[in-house]
Amino acid sequence: YHKVERATRRSAVPGHYVSPSLFRKQMVILTALGYSSIPLSHVHRPDLKLPRKPIVITFDDGYENFFTQALPILNGQKFVSTVFLVGNQLGGTNLWDHREGDQPERLMDIEQIRAARESGTEFGSHTLDHADLNAVSLDEAWRQIDGSKRQLERDLGFEIETFCYPYGRKNPEVMRLVEKAGYRLACSTEKGLNHANTPAYNLKRINIRRDTSVPVFVLKLLRGAK
């Protein structure tokens with residue numbers, strides 16, 4: 001997920017919005033199908049026993065509407081999630097989008113992040129500036145990857161274990177830098193489910209968009225489970 005909010009006509013990427021009513025239906029479906037949510041950091045942990053049907057619910061960018069719209073719904077279903085934050089923009093806006101002509105959207109501030117964490121939300125890194133790690137030098141990629149971990153941990157006061165590649169863009173060198181920085185796991189945008197042999201720094205996901213109706217949502221789950 002990206003945004004749980006009704007899309008506006010000004011948005012250049014309306015597919016990134018899932019309405020609160022649709023999101024609620026999707027979470028109810030997960031409950032009905034017997035899924036139990038876990039934080040991303042619980043994946044690939046031999047010391048932890050996972051529930052029978054574990055699922056990780058992730059959100060990219062850390063929009064304020066996660067806190068105002070998605071979190072109450074997640075709490076109502078007793079679900080937890082993992083949110084990837086852009087280190088230099090806590091309490092700011094999605095500069096990487098509105099520099100390209102999209103509308104500005106508020107991101108969670110430190111107080112909201114800490115309150116969400118008290119409700120069970122896990123937070124990971126999405127670099128310092130939402131950088132395309134395939135388009136920058138390795139020195140800059142390291143600054144974005146390592147610097148965001150250090151900065152988020154300093155600003156928020158807790159460990160950051162997980163990472164998400166902005167735009168899903170990565171390469172073997174970038175993946176090695178993520179491991180070197182001390183992250184345990186990293187998410188791509190490659191579609192599918194994860195298993196015991198899925199590489200820890202190339203975890204797959206199922207993209208949920210504005211047009212992911214309940215039947216399509218169920219189909220994506222079933223198709224991924226094959």
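Residue numbers count from 1 along this sequence.
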Passes ring-ring contact (aromatic ring centres under 6.0 Å, His included), Tyr165 versus Phe163? Steps please. CA-CA 7 Å; Tyr165 306 100; Phe163 185 84; 5.4 Å; yes
Step by step, work out the side chain to side chain contact (heavy atoms under 4.5 Å, CB included) result for Val43 and Leu50. CA-CA 8 Å; Val43 174; Leu50 297 181; 5.9 Å; no
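Contact annotation: the side chain of Val136 never approaches that of Asp132 to less than 4.5 Å [non-hydrogen atoms, C-beta and beyond]. Side-chain contact between Phe66 and Leu74: present, with at least one pair of heavy atoms (C-beta onward) separated by less than 4.5 Å. Residues Thr162 and Phe123 are not in side-chain contact: their nearest non-hydrogen atoms beyond the backbone lie 4.5 Å or more apart.
Contact between Ser11 and Pro14 at its shortest, heavy atoms only, is OG-N, 3.6 Å. Between Leu40 and Cys187, the shortest heavy-atom contact is CD2-SG, 3.7 Å. Here the shortest heavy-atom pairing between Ala70 and Val4 reads CB-CG2, 3.7 Å. Listed here is the closest heavy atom pair of Arg184 and Ser41: NH1-O, 2.8 Å. The heavy-atom pair separating Pro39 from Glu122 by the smallest distance is CB-OE2, 3.5 Å. The heavy-atom pair separating Thr198 from Asn194 by the smallest distance is CG2-OD1, 3.3 Å.
Among pairs with a residue in residues 187-214, those fulfilling salt bridge (charged side-chain N to carboxylate O under 4.0 Å, His left out) read Asp60-Arg205, Lys170-Glu190, at least two apart in sequence or across chains. Within the structure, ring pair (Phe, Tyr, Trp, His ring centres under 6.0 Å) pairs that include any residue of residues 89-118 comprise Trp96-His130 (at least two apart or interchain).
Applying the 6.0 Å contact sphere to NZ of Lys53 captures more than 12 heavy atoms from other residues, nucleotides or ligands.
Placement of Val56 and Ile73 in two distinct hydrophobic clusters is found when ILVMFWY residues are connected by side-chain heavy-atom separations under 4.5 Å, directly or transitively. By the rule that hydrophobic residues join a cluster once side-chain heavy atoms approach within less than 4.5 Å of another member, Val86 and Tyr167 end up as members of one cluster. When hydrophobic clusters are built by joining Ile, Leu, Val, Met, Phe, Trp and Tyr residues whose side-chain heavy atoms come closer than 4.5 Å, directly or via intermediates, Val83 is grouped together with Ile208. Side-chain heavy atoms closer than 4.5 Å link hydrophobic residues (I, L, V, M, F, W, Y) into clusters, and following such links, even through other members, never connects Leu95 to Leu133. Under a hydrophobic clustering in which Ile, Leu, Val, Met, Phe, Trp and Tyr are joined whenever their side-chain heavy atoms come within less than 4.5 Å, directly or via other members, Ile206 and Phe59 fall into the same cluster.
A donor-acceptor pair under 3.5 Å is formed between the side chain of Ser188 and the backbone N or O of Leu203. Listed for the Asn171 side chain is a donor-acceptor partner under 3.5 Å among the backbone atoms of Val174. A donor-acceptor distance shorter than 3.5 angstrom exists from the side chain of Ser37 to the backbone of Val80, with no hydrogens or angles considered. At least one donor-acceptor pair under 3.5 Å links the side chain of Ser148 to the backbone N or O of Gln144. Within the 3.5 Å criterion, the main-chain N or O of Gln69 finds no donor-acceptor partner in the side chain of Glu5. The backbone N or O of Ile145 sits less than 3.5 Å from a side-chain atom of Tyr183, completing a donor-acceptor pair.
The structure places CG of Asn134 at 7.5 Å from CZ of Arg169, a figure rounded to the nearest 0.5 Å. With rounding to the nearest 0.5 angstrom, the NE2 atom of His126 is 13.5 Å from the CD1 atom of Ile160. Taking CD of Glu153 as the reference point, atom OG of Ser125 lies at 9.5 Å (rounded to 0.5 Å). Atom CG of Leu85 and atom OH of Tyr63 lie 12.0 Å apart (nearest 0.5 Å). Taking OG1 of Thr58 as the start and NE2 of His2 as the end, the distance is 9.0 Å to the nearest 0.5 Å. Of the inter-residue distances, the one linking Ile38 atom CD1 with Phe79 atom CZ reads 12.0 Å to the nearest 0.5 angstrom.
For the 3.5 Å distance criterion, the side chains of Thr121 and Ser119 fail to qualify, holding no donor opposite an acceptor.
Side-chain contacts under 4.5 Å among hydrophobic residues (ILVMFWY), followed directly or transitively, place Leu128 with no other residue at all.
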Ignoring hydrogens and angles, write down the donor-acceptor pairs under 3.5 Å from the side chains of residues 103-115, residues two or more places apart or on other chains.
unit_1 : atom_1 : unit_2 : atom_2 : d
Gln103 : OE1    : Thr8   : OG1    : 3.2
Gln103 : OE1    : Arg10  : NE     : 3.1
Gln103 : OE1    : Arg10  : NH2    : 3.1
Gln103 : NE2    : Thr8   : OG1    : 2.9
Gln103 : NE2    : Tyr17  : OH     : 2.9
Gln103 : NE2    : Glu105 : OE2    : 3.1
Glu105 : OE2    : Tyr17  : OH     : 2.1
Arg106 : NH2    : Gly91  : O      : 2.5
Asp109 : OD1    : Glu111 : N      : 3.3
Asp109 : OD1    : Gln112 : N      : 2.8
Gln112 : OE1    : Asp109 : N      : 3.0
Gln112 : NE2    : Glu64  : OE2    : 3.2
Arg114 : NH2    : Asp155 : O      : 3.0

Table please: side-chain donor-acceptor pairs of residues 25-34 below 3.5 Å, with sequence neighbours left out.
unit_1 : atom_1 : unit_2 : atom_2 : d
Gln26  : OE1    : Tyr1   : OH     : 2.7
Gln26  : NE2    : Thr212 : O      : 2.9
Thr31  : OG1    : Met27  : O      : 3.3
Thr31  : OG1    : Gln77  : OE1    : 2.7

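Listed by chain and number, the residues in a salt bridge (Lys or Arg N to Asp or Glu O under 4.0 Å) with Arg45 are Asp47 (sequence neighbours excluded).
Of the charged side-chain nitrogens involved, at least one lies within less than 4.0 Å of a carboxylate oxygen, so that Arg143 and Asp129 count as a salt-bridged pair.
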